[in-house]
Number of protein chains: 2
Amino acid sequence: MAQITIQDVAQMAGVSPATVSRALHSPHLVSKATRENIERIIRENNYIYNAAAADLSRRKSSVIGVFIPTTGGTVFASTVGAIEEYAYERGFPVMVSNTRYDPEIEAVLLHKCLERRMAGVILTGYCQANEELILSMAEKGLHCLVAWEILPETVPLSYVGIDNYQAAFEATDYLLELGHRRVGLIVGPRSGILRARRRYDGYAAALEARGIPCDPALVIERHPTMLNGKEAMSRLLRLPKPPTAVFAASDFMAIGAMAAVRERGLRVPEDISLMGFDDIEFTNYTSPPLTTVRVPSWDIGHLAVSLLMDMIESGDGVPRRLCLDTQLMLRKSCSQA
Amino acid sequence: MAQITIQDVAQMAGVSPATVSRALHSPHLVSKATRENIERIIRENNYIYNAAAADLSRRKSSVIGVFIPTTGGTVFASTVGAIEEYAYERGFPVMVSNTRYDPEIEAVLLHKCLERRMAGVILTGYCQANEELILSMAEKGLHCLVAWEILPETVPLSYVGIDNYQAAFEATDYLLELGHRRVGLIVGPRSGILRARRRYDGYAAALEARGIPCDPALVIERHPTMLNGKEAMSRLLRLPKPPTAVFAASDFMAIGAMAAVRERGLRVPEDISLMGFDDIEFTNYTSPPLTTVRVPSWDIGHLAVSLLMDMIESGDGVPRRLCLDTQLMLRKSCSQA
DNA sequence: GCATTGAATGAAACCGATTTCATCCAGCCC
DNA sequence: GGGCTGGATGAAATCGGTTTCATTCAATGC
């Protein structure tokens, strides 16, 4: 019943624990015969490696942490999927934590990462409230990488993201190009979510570039859920002068918005044009299919892992920065004004 | 730069490491003055607890593992969300792993749980191929609990699940009740996914109960994705004698199926009735809203955590079993034959 | 006043790996 | 044959906590 330890294995194989450890992690340092003998003994005796002991001894765990703001089938699912897949391939276990959009929870969880001496952390849904904390993590030897966001040069943090500002600008401009003049925006809370602020700014800038004043009544800020999208759209439709196009800066909200339009007996895009953001899979299956901004969310996860590995292996504190392209996916939810 | 250890804290506080450890985990064993002094020193010196050392010393980690078959915005998202939330409240970190419906990956990951001496594991998407392995885990002291599934009495494993057979029976029967006689089924691969098999069996039993022969041409097995649902439905519609109702035993597939119907220029439910399974949030927002089987997936996660905690604390090997109710959510995707 | 009790603490033995440094030895060169 | 080289291995310190058992000491009971 008692677990076999590396000492026991060593004894049975007539070698020292050091040799067993080497056979496990640096096989090339051990002669073929010895190695095979050790492997056989491990198999036959059901030896189970103790990760905690290893982590303690190495003063470092190989676990990488992933922070997401919410679990419920989010737009980050595919990013997380990619992270898991690539980390698994490289032998790094991942530990996903849910911050629930709460900076305090995020702070607690970051501390846990420190306690586990994790190899690194990938932060999606970067929350500016903890910027200082995150920077100090990096100093304490925890490699941090921000995903889905790009950061100013002045912030010495690594990231793999998209230009939310630019993407929102283009999306809005597309609606304007179609002739819409009253364009609504449904977006996440600007104060808490950097992503949301950047998208808002892009929207506002696009309007301004065409000399259209930004009407605050047309902007609604809510956490990105379908229900919130629906409620927001209902409100916009009840306006004395409702918008002719709405940019929902999250597909989840766009889906809710679409339902709101339907419920009111109106049609997309005939009565109102609708633009989403993120390009989650579901947008291909809505009726009509949703025009949206494609975010390479799988690639973000994939590259986040490689950059993070790179940081871990090199050990230099140099921030890696990568900005990926977004793309307007023209489907059927937008039409000429 | 070097990390402060518990020894250092002890020295600064003029006490032994044992006392510091107690102040941290069993405050009632330490006098108020000592405790507060220790807490102050910890704060001022930025002491960071070393989880690996603790795990090693305790021969046990507090991490609980969660296995899901796929990350991409799945039906398990809400279960996982609940697990995270409740585990967080109780101070148990969770580590989510993605088995990708692959028994071999699952086996590897289970072994990792052993290596980490995890407190317990919750398995959604139970894969029968590893049943023996899982049972042996339990013997090795790793508490396992199966979620989303119920198991025969003969299998000494804990679970919190639903009766997939019964639920599928009821769903199918509802369609039959509406007068449909050619009812198609789109379901996961029966050979790999227990859930899929049970749902298939429920479907077949419902037909049989009414003396309707089960036409193999009407049954399509695919992994539950929207795309697969769409392709499956296209195939059913191209049949010489297509079904008048289809039971997609996963909402994701139902959503894909709905798109296929639309693409063919037909309508739900006028031309074909459609029933889903799981009741993911999207189903409220499809057009028409999808009639489906509600699974209490948040509750499953919540209860899974409490039962697992119970198992961990009691230490007895007694399996906990819990079967929750499902419910037919009648929306607008089914009509009289 | 003495034995008893219990709260607060400390000493020290672990937990099970990793890794540095040293050792041994065979083969090779000159 | 002596000095080198480099591959294979071992000894032992170390990582940073936890926990058992013993000890101290003040308060309590009779």
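Of the residues near DNA chain C, B/T19 and A/A18, the one whose nearest nucleotide (by heavy atom distance) lies more toward the 5' end is B/T19. Comparing B/L56 and B/H28, the nucleotide of DNA chain C nearest to each residue sits closer to the 5' end for B/H28.
When the salt bridge (charged side-chain N to carboxylate O under 4.0 Å, His left out) test is applied to A/E313, no partner is found at least two apart in sequence or on another chain.
Within the cation-pi definition used here (under 6.0 Å to the ring centroid, within 45° of the axis), B/R100 qualifies as a partner of A/Y88.
For the pair B/Q7 CD and C/dA13 C1', the computed distance is 13 Å after rounding to whole Å. Between A/K60 atom NZ and C/dT19 atom C1' the separation is 17 Å, expressed in whole Å. If you measure from atom CZ of B/R22 to atom P of C/dG10, you get 8 Å, rounded to the nearest angstrom. Rounded to an integer number of Å, the gap from CD1 of A/I48 to C1' of C/dC15 is 16 Å. Taking atom CG of A/N50 as the reference point, atom C1' of C/dC14 lies 13 Å away to the nearest angstrom. If you measure from atom CD of B/E115 to atom C1' of C/dG16, you get 13 Å, rounded to the nearest angstrom. When rounded to the nearest whole Å, the span between OH of A/Y49 and C1' of C/dC15 equals 15 Å. Rounding to whole angstrom units, CZ of residue B/R59 and P of C/dC14 are separated by 11 Å.
Here the closest heavy-atom approach between residue A/I193 and residue A/Y101 is recorded as CD1-CE2, 3.3 Å.
Checked by atom type, the side-chain pair A/W148/A/T79 shows a donor-acceptor distance below 3.5 Å. A donor-acceptor contact closer than 3.5 angstrom is absent between the side chains of B/R117 and B/S62.
Salt-bridge annotation for A/R320 and A/D310: present, with a side-chain N of the basic residue lying under 4.0 Å from a carboxylate O of the acidic one.
A/S314 contributes a side-chain N or O that, together with a main-chain N or O of A/D316, makes up a donor-acceptor pair within less than 3.5 Å.
With hydrogens and angles ignored, no donor-acceptor pair under 3.5 angstrom links the side chain of B/R117 to the base of C/dG16.
Of all nucleotides in DNA chain D having an atom under 4.0 Å from a heavy atom of chain B, the first and last in 5' to 3' order are D/dG16 to D/dT20.
The nucleotide whose nearest atom lies closest to any side-chain atom of B/V30 is, among C/dT19, C/dT9, C/dA11, C/dT9.
As judged by a 4.0 angstrom heavy-atom cut-off over every strand, B/L24 is placed among residues making no nucleic acid contact.
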